[in-house]
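I have placed the structure first, in the form of structure tokens, so that the comments after it can refer back to it.
Here, residue 1 is the first one in the sequence, and each next residue gets the next number. Predicted model, so just to flag it, every value in this text is computed and none were measured. One-based numbering, in listed order, for ligands and for the atoms of each.
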Amino acid sequence: MQDKEIQSLLEQEISRQQNVVNLIASENYVSVDVQQALGSVFTNKYAEGYPRARYYGGNSIVDELEILTQQRALALFGLSAEEWSVNVQALSGSPANLAVYTALVPLGEKIMGLSLDQGGHLTHGHKASVTGKWWKQIPYTLNKETELLDYIAIAETAAIEKPTMIVAGYTAYSRSIDWAGLRVIANAAGALLHADVSHTAGLIAGGMLESPFAYADTVVMTTHKTLRGPRGALIFSKKQYAEKIDKAVFPGLQGGPHMNTIAGIAVALYEAQQPAFKTYAAKVIQNAQTLARVLQDNGWRIISGGTDTHLFLVDTWSNGISGKDASNTLEQSGIIVNKNTIPYDERSPIDPSGIRIGTAAETTRGKTTADMIEIAQKIDSILRK
Ligand code: DSN
């Protein structure tokens with residue numbers, strides 16, 4: 001590389017990534033093939049529009065690329081092209097959710113989403129995001145005792161508020177989701193059901209968690225977390241919503257799609273269809289459950305008592321250390337986590353009561369349950385110093 005400054009930063013980041021234990025729940029390590037597609041000449045092509053309906057010439061090959069990516073996305077989740085469409089152009093999860101709302105929720109109408117501080121996402125209607133300014137968030141919460149989704153309370157709120165859309169799928173909730181129950185609640189309230197499975201997409205693809213597709217009207221997922229692809233997103237919708245969603249993505253919110261990213265997503269979807277990916281998804285969850293259990297055995301309170309997924313929250317404050325201090329202390333020893341609020345947190349999001357831990361990235365690096373036991377013991381001894 002001629003640019004020595006960037007070369008140096010790149011080398012430093014490679015070394016950093018190689019030398020830490022990465023427990024950031026939303027990160028992963030892509031394959032060399034995905035990186036090759038991302039770094040390919042597809043980045044040179046402008047392709048505003050959709051396959052066979054572009055605003056520039058020279059798109060015959062990227063048309064094939066985009067169609068193949070769509071086909072792979074539908075195939076991975078066992079969806080028929082008669083019933084479902086998929087838009088592969090959204091730049092990431094936040095713009096993907098924004099596109100869904102833009103398409104299907106009239107401005108000012110109600111979106112019902114889990115509160116950010118209980119495990120929801122900014123783009124599920126939080127006021128700091130435009131999704132909470134352009135639409136009205138009706139928040140729902142977890143049961144204070146069990147720290148689980150309270151479906152009865154969600155049903156009651158939905159029946160009173162009659163939101164246009166109920167959003168489910170979370171960033172810091174470790175338990176499986178009752179999609180069928182949410183469908184019943186949405187139907188009773190006359191609401192659309194939007195699943196944001198950005199975190200768990202790879203676990204669903206690997207057959208380890210229930211798929212929302214039998215129940216949701218729209219499904220968004222980022223491609224870079226458990227799905228182990230480049231940073232991007234997929235927006236699946238029932239056929240009747242597809243045209244509105246495509247228009248919301250382009251020309252509504254975005255210009256030309258990043259065709260190199262779409263190529264990387266296509267490669268990741270191919271990889272996720274291989275038998276080895278099912279084994280990976282199973283190991284991710286086994287690793288998370290082992291790590292959570294050993295921490296628990298060492299006296300750390302795990303939110304809701306455990307995990308069904310790749311992630312979980314630890315209430316560090318109940319052992320006298322804030323989430324920020326815990327995260328900083330662990331980083332000094334080469335263990336990377338993120339500070340996180342816990343349900344009904346009395347501390348601020350800047351320095352909350354907990355940390356979030358995930359195992360997707362370390363499982364990609366070949367870590368086993370034996371490694372998780374070691375990591376848990378290391379975390380315990382570092383935080384108790
Ligand atoms: N930043 C992602 C996460 O860490 O969960 C969500 O956008």
Side-chain angles (χ1 to χ4, degrees), residues 17 20-30 90-101 111 113-132 137 139 142 149 167-177 194-204 209 212 219-235 253 261 265 268 284-285 288 291-292 303-304 307-314 323-324 326-327 330-331 335-343 345 349-350 352-364:
Q17 288 192 16
V20 296
V21 174
N22 182 3
L23 300 177
I24 300 285
S26 45
E27 292 183 8
N28 213 325
Y29 296 93
V30 297
L91 299 177
S92 205
S94 294
N97 280 330
L98 186 56
V100 170
Y101 308 150
I111 294 169
L114 183 66
S115 291
L116 178 67
D117 59 355
Q118 306 228 344
H121 190 257
L122 275 169
T123 60
H124 296 178
H126 189 274
K127 278 205 273 312
S129 144
V130 294
T131 63
Q137 191 203 38
L142 303 180
L149 287 168
V167 184
Y170 313 104
T171 59
Y173 181 71
S174 66
R175 296 305 190 168
S176 56
I177 295 169
H194 173 53
D196 177 352
V197 293
S198 291
H199 264 273
T200 51
L203 307 179
I204 294 165
L209 288 178
V219 177
V220 152
M221 59 187 66
T222 49
T223 44
H224 49 276
K225 298 184 175 88
T226 52
L227 201 49
R228 212 162 58 178
R231 306 189 72 84
L234 301 171
I235 308 174
L253 295 164
T261 301
I265 291 172
V284 168
I285 296 177
L291 190 44
I303 300 308
S304 85
T307 180
D308 303 322
T309 69
H310 62 303
L311 64 77
F312 58 91
L313 296 175
V314 187
K324 183 178 164 191
S327 163
L330 288 170
E331 182 157 3
I335 296 178
I336 312 297
V337 302
N338 65 275
K339 63 188 177 200
N340 218 100
T341 54
I342 61 171
D345 207 324
I350 306 290
S353 296
I355 54 175
R356 186 182 66 164
I357 288 181
T359 53
E362 286 302 320
T363 306
T364 293

Looking at [atom], what's its closest protein heavy atom, distance included?
| atom | result |
| --- | --- |
| atom 7 (O) of ligand 1 | His121 NE2, 2.7 Å |
| atom 1 (N) of ligand 1 | Ser26 OG, 4.5 Å |
| atom 2 (C) of ligand 1 | Lys225 CE, 4.0 Å |

**OP:** Nearest 0.5 Å please: distance from the OG atom of Ser94 over to the CG atom of Leu253.
**Re:**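 If we round to the nearest 0.5 Å, Ser94:OG and Leu253:CG are 12.0 Å apart.
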
Original post:
If you measure from each non-hydrogen atom of Arg356 to ligand 1, which part falls under 4.0 Å: side chain, backbone, both or neither?
Top reply: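 Under 4.0 Å from ligand 1, Arg356 contributes side-chain atoms alone.
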
**OP:** Provide the closest heavy-atom pair for His199 versus Thr226 in the form atom of the first, atom of the second, distance.
**Re:**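 Looking at all heavy atoms of both residues, the closest pair is O-OG1, 2.7 Å.
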
Subject >> Nearest heavy atoms of Ala268 and Leu227, plus distance in Å >> reply: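 Shortest heavy-atom separation between Ala268 and Leu227 comes out as CB-O, 4.3 Å.
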
Original post:
Quick one: does His199 get a heavy atom under 4.0 Å from ligand 1?
Top reply: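 It does; at least one heavy atom falls under 4.0 Å.
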
**OP:** Would you indicate whether the side-chain heavy atoms of His224 and Ser26 approach each other to under 4.5 Å?
**Re:**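 No; the side chains remain at least 4.5 Å from each other.
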
Original post:
With a 4.5 Å limit on heavy-atom distance, are the side chains of Thr131 and Leu98 in contact?
Top reply: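 Heavy-atom side-chain distance check passes, below 4.5 Å.
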
Original post:
Can you find an N or O of Thr171 that's nearer than 3.5 Å to an N or O of ligand 1?
Top reply: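 For ligand 1, there is no N or O atom that lies under 3.5 Å from one belonging to Thr171.
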
